[in-house]
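Worksheet: the structure to be examined is printed underneath.
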2 protein chains.
Amino acid sequence: MEKSDSKDQPKQVLAEYLRLHGLRKTPERFAILNAIYSIEGHFTPEVLVEKMSDEFNFRVCRATVYNNLELLVDAKLVHKHRFTEGAQYEKSFKEVSHCHLLCTGCGKVMECDNHNVQRQMETMRVKRFTVSSYSLYVYGLCTKCSTALKRKQKKILNKIDIQKNGRKKD
Amino acid sequence: MEKSDSKDQPKQVLAEYLRLHGLRKTPERFAILNAIYSIEGHFTPEVLVEKMSDEFNFRVCRATVYNNLELLVDAKLVHKHRFTEGAQYEKSFKEVSHCHLLCTGCGKVMECDNHNVQRQMETMRVKRFTVSSYSLYVYGLCTKCSTALKRKQKKILNKIDIQKNGRKKD
DNA sequence: GTCAGTGCAAACTTTTTGCAACTAC
DNA sequence: GTAGTTGCAAAAAGTTTGCACTGAC
């Protein structure tokens with residue numbers, strides 16, 4: 001009977017978190033949570049405010065969004081990333097931790113499931129430290145940037161060669 | 001004889017990087033590199049500027065430091081981290097990639113060598129992506145914050161209990 | 001009724017940009 | 001001499017803060 005599915009919902013988790021921390025159940029908090037869980041992938045605080053206003057017709061000021069994002073991170077309902085200048089967030093409830101591929105050429109962020117790493121991380125123990133989550137960022141080049149870089153390097157090498165030969169000929 | 005130890009020096013790596021990219025060997029670049037390699041652990045651009053001025057008597061403006069940190073990251077001589085607001089850097093030449101433990105309570109950053117993870121990362125292959133480096137951040141609580149949190153939670157639970165009992169008595 | 005939480009605007013921090021001056025090549 | 005680099009100052013981007021007001025408890 002009444003299998004406690006509902007208890008597994010992010011909303012319930014937030015409610016319980018607020019209760020256990022003696023904090024208030026404001027409409028803003030649940031509206032923010034709701035908006036976040038309607039977003040697939042990463043988002044910035046700015047985008048979240050905009051989306052809430054546009055799609056949910058719910059206006060919140062930035063300070064509130066910043067405050068509550070921090071709270072939701074603490075409640076383990078949201079992951080915080082810092083790929084570039086400015087933080088990016090991502091829902092995290094019942095999501096498998098995936099690693100992120102960051103192209104240092106164009107800045108593109110891709111996701112990648114590496115089961116070996118995941119297994120390893122889930123069983124990771126560290127002395128004098130209570131592990132709660134992890135982020136793995138892998139830097140490198142996407143195919144497009146990799147090709148572009150090779151072309152660019154060839155061009156530079158040609159230029160260096162020309163300069164040298166020019167000098168030699170003098 | 002003349003074993004090419006010198007070629008392995010960061011300075012040589014930078015010189016070669018600059019040559020292959022058609023960039024200039026400015027004194028600022030080598031001064032910045034030098035200062036960075038005198039620092040153990042993480043530092044911010046601000047701290048680097050200060051250190052250069054104070055300890056090396058070499059004044060550079062921030063813009064130059066920012067430009068060249070980016071360049072050094074590209075040359076794989078420096079790692080860039082974004083633990084908090086504001087980037088932190090770290091020398092990376094011939095350094096073993098270590099994972100970072102980030103305490104979400106006090107913000108303390110600790111280093112941690114996990115050989116399993118290191119081995120795994122060094123052999124990692126991803127489709128359509130040329131891996132060049134990685135960062136592993138493990139979030140959690142240090143012993144001090146873990147203890148503090150437990151104490152705090154106990155206090156809140158007591159408070160909630162008192163409120164409930166108070167109501168019931170009414 | 002009280003105090004945590006919100007909105008607003010201003011302040012602050014970190015990073016980038018535009019431009020004149022400089023210098024490595 | 002040319003064009004890549006630097007310094008400087010101003011602007012931009014992202015986040016935090018102070019304060020008055022509101023509303024969850």
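The structure presented is a predicted model; accordingly, all values stated were derived computationally and were not measured. Below, chains carry the letters A, B, ... as their sequence lines are ordered, and counting in each starts from 1.
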Starting at atom [atom1] of [X], determine the distance to atom [atom2] of [N], rounded to an integer number of angstrom.
{"X": "B:K25", "N": "C:dC25", "atom1": "NZ", "atom2": "C1'", "value": "10 Å"}
{"X": "A:N67", "N": "D:dT22", "atom1": "CG", "atom2": "P", "value": "19 Å"}
{"X": "B:L48", "N": "C:dT14", "atom1": "CG", "atom2": "P", "value": "14 Å"}
{"X": "B:R82", "N": "C:dT14", "atom1": "CZ", "atom2": "C1'", "value": "10 Å"}
{"X": "A:L71", "N": "D:dT15", "atom1": "CG", "atom2": "P", "value": "17 Å"}
{"X": "B:L69", "N": "C:dT15", "atom1": "CG", "atom2": "P", "value": "10 Å"}
{"X": "A:H21", "N": "C:dC3", "atom1": "NE2", "atom2": "P", "value": "21 Å"}
{"X": "B:F30", "N": "D:dT6", "atom1": "CZ", "atom2": "C1'", "value": "16 Å"}

Quiz item: Between A:I32 and B:A63, which is nearer to the 5' end of DNA chain C once each is assigned its nearest nucleotide?
Solution: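 In this pair, the answer is A:I32.
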
Exercise. Nearest-nucleotide wise, let me know which of B:E46 and B:L23 is further upstream toward the 5' end of DNA chain C.
Key: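 Whichever sits nearer the 5' end wins; that is B:E46.
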
Quiz item: Of the nucleotides D:dT2, D:dC8, C:dG7, which one has an atom closest to the side chain of B:R24?
Solution: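 Closest of the options to the side chain of B:R24: D:dT2.
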
Quiz item: If you check every side-chain atom of A:P45, which of D:dT5, D:dT15, D:dA24 has the closest atom?
Solution: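 That would be D:dT15.
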
Quiz prompt | Within 6.0 Å of CG in A:N57, more than 12 heavy atoms from elsewhere | solution =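 No, CG of A:N57 has 12 or fewer neighbouring heavy atoms, counting only those of other groups under 6.0 Å.
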
Quiz item: For A:K11, does the NZ atom sit with more than 12 other heavy atoms under 6.0 Å from it, leaving out its own atoms?
Solution: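 Open: at most 12 neighbouring heavy atoms sit under 6.0 Å from NZ of A:K11.
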
Using only side-chain N and O atoms of [X], determine if any of them is under 4.0 Å from OP1 or OP2 of [N].
{"X": "A:R59", "N": "C:dC8", "answer": "yes"}
{"X": "A:T64", "N": "C:dG5", "answer": "no"}
{"X": "B:Y66", "N": "C:dT16", "answer": "no"}
{"X": "B:T44", "N": "C:dT14", "answer": "no"}
{"X": "A:N68", "N": "C:dG5", "answer": "no"}

Exercise. Treat a base pair as Watson-Crick or G-U wobble with both distances under 3.5 Å, then lay out DNA chain D in dot-bracket form, 5' to 3', with | for cross-strand pairs.
Key: |||||||||||||||||||||||||

Quick check against the 3.5 Å criterion: does [X] have a side-chain atom that pairs as donor or acceptor with the backbone of [Y]?
{"X": "B:R29", "Y": "B:R24", "answer": "yes"}
{"X": "A:N34", "Y": "A:F30", "answer": "no"}
{"X": "A:Y37", "Y": "A:F93", "answer": "yes"}
{"X": "B:T104", "Y": "B:G140", "answer": "yes"}

Exercise. Would you check if there is a donor-acceptor pair between the side chains of A:E90 and A:H98 at a distance under 3.5 Å?
Key: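 Yes, a side-chain donor-acceptor pair sits under 3.5 Å.
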
Quiz item: So A:E122 and A:R119, salt bridge (Lys or Arg N to Asp or Glu O under 4.0 Å) or not? Walk me through it.
Solution: CA-CA 5 Å; A:E122 262 129 47; A:R119 206 174 317 122; over 6 Å; no

Quiz prompt | Aromatic plane relationship, B:Y137 with B:H100 - under 30° parallel, 30 to 60° tilted, over 60° perpendicular | solution =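 Tilted.
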
Exercise. Could you tell me whether B:R29 contacts a base, only the sugar-phosphate backbone, or nothing, with contacts defined as non-hydrogen atoms closer than 4.0 Å?
Key: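 Sugar-phosphate, no base atom in range.
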
Could you write out each protein N or O paired with an N or O of nucleotides 11-13 of chain D at a distance under 3.5 Å?
none

Quiz prompt | Hydrophobic cluster membership, B:Y66 vs B:V47, 4.5 Å side-chain cutoff | solution =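 The answer is no; the residues belong to distinct hydrophobic clusters.
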
